Amino acid sequence: GPVINLSSLMFNPSTTTVKVGETVTWRNDEPIGHTVTSGLYMGIDKTTGLRASQKPDGMFNAKLDGKGKTFSFTFTKPGTYTYYCDIHQGMNATITVVADTTSSEGAKK
């Protein structure tokens, strides 16, 4: 699955699309610590890119406390998932999970 790099105080890429069942890996490319925390972030300042607040949802919360540290998560349901770095107010990103329509059983319920 895709790798999201944490560098220059950003998630790169900041928007990612994966299929249900795919595993996303985050890799810290900086010597400083970051978190990968699932939940809502609100009030992004258009000038600075900093968020006003956040609310974790408990799906995942990983601390990547140095260069080379990684965290992986497998998304099992379609939807849009927002996440952020709890330490740095400017690190905000989104994962979109889409149904895998290539399976023979189909994705419809």
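Atom set for the values below is all heavy atoms of this structure, side chains included, hydrogens, waters and symmetry mates excluded. Predicted model only: the values in this text are computed from it and were never measured.
- No side-chain donor-acceptor contact under 3.5 Å links Gln89 to the backbone of Leu50.
- One hydrophobic cluster, built from ILVMFWY side chains closer than 4.5 Å, holds both Val97 and Phe60.
- Under the 4.5 Å side-chain criterion, counting only non-hydrogen atoms from C-beta, Tyr83 is in contact with Ile4.
- The nearest pair of heavy atoms linking Glu22 to Lys19 is OE1-N, 2.8 Å.
- Within the 4.5 Å cutoff, side-chain heavy atoms of Phe11 are placed close to those of Val36.
- Residue Leu6 comes nearest to His34 through the heavy atom pair CD2-CB, 3.5 Å, listed as atom of the first residue, atom of the second, then distance.
- Contact of the His88 side chain with the Ile32 side chain is registered, since non-hydrogen atoms from C-beta on lie closer than 4.5 Å.
- At least one side-chain heavy atom of Asn92 sits less than 4.5 Å from a side-chain heavy atom of Ile44.
- The side-chain hydrogen bond (donor to acceptor under 3.5 Å, both in side chains) pairs that include a residue from residues 59-70 are Thr37-Asn61, where partners are two or more places apart or lie in different chains.
- Across all non-hydrogen atoms, the minimal contact from Ser72 to Thr25 is OG-OG1, 2.7 Å.
- Of all heavy-atom pairs spanning Tyr84 and Pro56, the tightest one is OH-N, 3.1 Å.
- Cluster annotation: Val20 is connected to Phe73 through the hydrophobic network of ILVMFWY side chains, with a link wherever side-chain heavy atoms come within less than 4.5 Å.
- Pairs passing the side-chain hydrogen bond (donor to acceptor under 3.5 Å, both in side chains) check and including a residue from residues 3-17, sequence neighbours excluded, read Asn5-Arg27.
- Interatomic distance, Gln54 CD to Tyr41 OH, rounded to the nearest 0.5 Å: 11.5 Å.
- Between Met10 atom CE and Asp29 atom CG the span is 11.5 Å, to the nearest 0.5 Å.
- Looking at heavy atoms from C-beta onward, Val18 lies out of side-chain contact with Val98 at the 4.5 angstrom threshold.
- No side-chain heavy atom of Met91 sits less than 4.5 Å from a side-chain heavy atom of Thr35.
- Ring planes of Tyr81 and Phe75: tilted class, angle from 30 to 60°.
- The hydrophobic clustering, which links ILVMFWY residues whose side-chain heavy atoms are closer than 4.5 Å, places Met59 and Leu64 together.
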